Amino acid sequence: MDGMERLSDMDLADPALHAQEDLSRVWRQLRTQDPVHWQPARGTRPGFWVLTRYDDVAAAYRDADRFRSDRGNVLDTLLGGGDPAARQMLPLTDGARHAALRGALMRAFSPRALAGVVDSIRAASRELLTEFLAKEECDFAQDVAGQLPLRAICDLLDVPRADRQRLLAMTSSALGSHSEQGLRQDSWVSKGEILLYFSDLAARRRRSPQDDIVSLLTQIQVEGGPLSDEEVILNCYSLIIGGDETTRLALVGGVAALLEHPGQWAAYTAGNVATEHAVEEVLRWTTPTLHAGRTAGEDLMLHGRAIKAGDVVTLWNASANRDEEVFHEPDALRLDRTPNRHLTFAYGSHFCLGAFLARAEIGAVLSDMRELVGEMEAAGPARRLYSNFLGGLGSLPVRWRPAAAL
Ligand code: HEM
């Protein structure tokens with residue numbers, strides 16, 4: 001079958017497609033032949049635009065007036081008629097209110113403010129790697145990567161230790177999924193549970209504020225007034241869903257990439273690659289958030305296609321990060337790649353607030369692995385996530401040994 005014909009049958013909103021197929025060839029074809037692709041309506045679900053070139057994706061991120069986030073920023077909610085948290089959660093806010101809310105939160109995300117969280121991440125990374133290296137076999141996704149990002153966010157929000165495992169289970173079922181069965185229902189139940197949990201925590205912090213982000217959210221003034229209870233809760237939720245599974249997927253995908261590219265792992269362990277460069281390549285290679293969704297704020301033309309005000313436009317980071325016009329040999333893992341201007345954290349006004357934290361987590365695990373891991377190999381099949389938004393592996397069995405010097 002001809003490639004473009006096949007594309008017209010393909011449903012890029014279908015999670016099964018992303019779970020079952022490597023779409024690199026599809027993205028390449030779209031970038032070269034149909035960079036502003038229209039996926040037509042299917043049943044009652046509206047159609048949407050698909051941007052795949054790096055320059056177009058970056059330009060759309062930069063132009064928050066014409067590509068708006070305030071109806072939703074992922075396909076599922078946009079095609080479903082809009083996100084219920086629109087205009088309340090930071091990533092779903094535009095204009096002056098977005099700038100004010102982001103400005104108020106920024107100070108909690110500065111490298112200086114995060115120093116304590118980063119120290120605790122480093123300690124946790126060493127502790128977990130040492131524990132599971134001693135066992136010689138583990139599921140890296142669950143046992144190591146599954147623990148760190150949520151610990152970091154829980155530190156930020158000062159979530160009590162006793163609640164953390166429960167929160168992890170809820171977030172994993174709310175966003176990504178490992179199977180098709182019961183996906184939607186489980187996901188909505190878990191979202192509800194997370195919101196309830198934060199409603200309770202926020203009420204306690206409003207009564208007795210501490211030095212954490214939940215307390216900060218209850219105290220800040222945005223455009224002359226405090227945030228409503230609902231806004232506080234939704235923004236806590238946004239941090240959990242934005243920072244947990246994404247970072248976890250980057251860590252798991254990074255280790256999977258090292259297993260598939262032993263030469264790169266050898267170069268890294270030999271000290272030939274700086275950790276900061278390896279972190280950026282892991283971020284480009286894994287691209288945990290496959291796309292971001294926007295709504296056209298006005299009628300506009302792009303590469304000869306007419307996008308109408310109100311149309312859903314999707315920005316595919318997964319494709320932009322493999323654009324051959326920007327990255328030399330984009331399908332090759334090169335841990336020492338520089339420059340590496342990937343769009344994994346988006347670009348412009350919604351650039352990921354947790355980028356410093358995510359980089360610190362990935363850097364801690366990579367540099368600890370370099371020191372602590374001797375040999376490692378895959379110990380079973382990895383399992384891809386079932387999602388059109390989050391890309392990566394839900395499970396990664398590894399067999400490994402501590403480095404000889406230990
Ligand atoms: C925004 C990716 C880690 C908090 C974003 C966006 C992307 C992204 C693509 C832009 C969304 C859009 O434009 O619609 C990632 C990836 C991560 C990561 C791939 C890990 C590898 C984190 C962490 C946190 C976090 C650790 C916090 C603890 C946020 C917040 C926003 C955001 C609050 C909204 C910023 C705004 O709208 O102004 N992230 N993120 N992220 N991220 Fe991350």
Side-chain angles (χ1 to χ4, degrees), residues 57-58 60-64 67-75 77-78 83 85-95 97-106 108-109 113-114 117-118 121 145 148-157 159 171 175-176 212-214 216-217 234-254 279-280 282-295 313-318 320-321 342-365 389-392:
V57 170
Y61 274 129
R62 210 168 30 227
D63 191 348
F67 295 95
R68 304 190 61 84
S69 300
D70 59 2
R71 269 188 69 237
N73 71 340
V74 294
L75 256 179
T77 51
L78 285 166
D83 197 310
R87 286 182 281 277
Q88 299 184 84
M89 257 184 202
L90 179 69
L92 307 181
T93 313
D94 284 317
R97 189 158 181 85
H98 172 258
L101 183 52
R102 187 173 165 104
L105 278 172
M106 286 282 267
F109 283 93
L114 288 173
V117 178
V118 170
I121 285 300
L148 284 175
L150 195 73
R151 275 201 209 187
I153 300 163
C154 287
D155 280 351
L156 273 178
L157 300 172
V159 170
T171 49
L175 247 204
D212 62 80
I213 291 188
V214 185
L216 177 71
L217 284 165
L234 286 171
N235 279 291
C236 293
Y237 174 73
S238 161
L239 291 176
I240 293 266
I241 57 167
D244 173 34
E245 193 138 19
T246 48
T247 316
R248 179 147 41 120
L249 290 170
L251 289 168
V252 180
V279 168
E280 296 312 310
V282 162
L283 285 163
R284 183 190 75 90
W285 187 258
T286 56
T287 314
T289 52
L290 299 173
H291 77 268
R294 296 290 190 260
T295 302
V313 184
T314 51
L315 286 44
W316 289 87
N317 304 321
N321 278 348
H342 60 75
L343 295 176
T344 297
F345 292 127
Y347 191 70
S349 58
H350 289 283
F351 180 80
C352 177
L353 209 53
F356 173 81
L357 189 57
R359 286 179 162 131
E361 291 176 45
I362 300 164
V365 170
F389 170 58
L390 289 174

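Both counts, for ligands and for their atoms, begin at 1 and track the order of listing. What you see is a predicted model; the values in this text were computed from it and never measured.
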Per-atom contacts, ligand 1 versus Leu239 - under 4.0 Å to a heavy atom: 33 (C)
Considering only heavy atoms of Tyr61, which atoms of ligand 1 have at least one such atom less than 4.0 Å away?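 Result: 13 (O).
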Any idea which protein heavy atom is nearest [atom], and the distance to it?
atom                    : result
atom 2 (C) of ligand 1  : Thr344 O, 3.6 Å
atom 12 (C) of ligand 1 : Arg294 NH2, 3.4 Å
atom 37 (O) of ligand 1 : His350 ND1, 2.6 Å
atom 35 (C) of ligand 1 : Arg102 NH1, 3.4 Å

Out of [options], whose heavy atom sits nearest [atom]?
atom                    : options                       : result
atom 11 (C) of ligand 1 : Asn73, Thr286, Leu156, Val117 : Asn73
atom 28 (C) of ligand 1 : Asn317, Ile153, Leu92         : Ile153
atom 21 (C) of ligand 1 : Leu283, Leu157, Asp94         : Leu283

Please report the interatomic distance [atom1]([X]) to [atom2]([Y]), rounded to the nearest 0.5 Å.
X      : Y      : atom1 : atom2 : answer
Asp70  : Asp94  : CG    : CG    : 4.5 Å
Cys236 : Leu156 : SG    : CG    : 10.5 Å
Arg294 : Leu78  : CZ    : CG    : 9.5 Å
Asp83  : Leu92  : CG    : CG    : 5.0 Å
Met106 : Leu353 : CE    : CG    : 6.5 Å
Arg87  : Thr93  : CZ    : OG1   : 9.0 Å

Can you list, by chain and residue number, the protein N, O or S atoms under 2.8 Å from atom 43 (Fe) of ligand 1? Cys352 SG
Do any heavy atoms of Ser349 fall under 4.0 Å from ligand 1?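 Under 4.0 Å: yes for Ser349.
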Where on Ser69 is there a heavy atom closer than 4.0 Å to ligand 1, on the side chain, on the backbone, on both, or on neither?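 For Ser69, no heavy atom sits under 4.0 Å from ligand 1.
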[X] versus [Y], closest heavy-atom pair with distance:
X      : Y      : answer
Arg248 : Ala145 : CD-O, 3.4 Å
Arg71  : Thr295 : NH1-OG1, 3.1 Å
Thr287 : Asn317 : CG2-CB, 3.5 Å
Val365 : Leu148 : CG2-CD1, 3.3 Å

State whether the shortest distance between N or O atoms of His98 and N or O atoms of ligand 1 falls below 3.5 angstrom.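 So ligand 1 has an N or O lying under 3.5 Å from an N or O of His98.
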Please tell me if the side chains of Leu251 and Pro149 come closer than 4.5 Å, counting only heavy atoms from C-beta onward.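 Side-chain contact under 4.5 Å: yes.
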Taking only residues two or more places apart in sequence or in another chain, which ones pass ring-ring contact (aromatic ring centres under 6.0 Å, His included) with Trp316?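 Partners of Trp316 under the ring-ring contact (aromatic ring centres under 6.0 Å, His included) test: His18, Trp27, His291.
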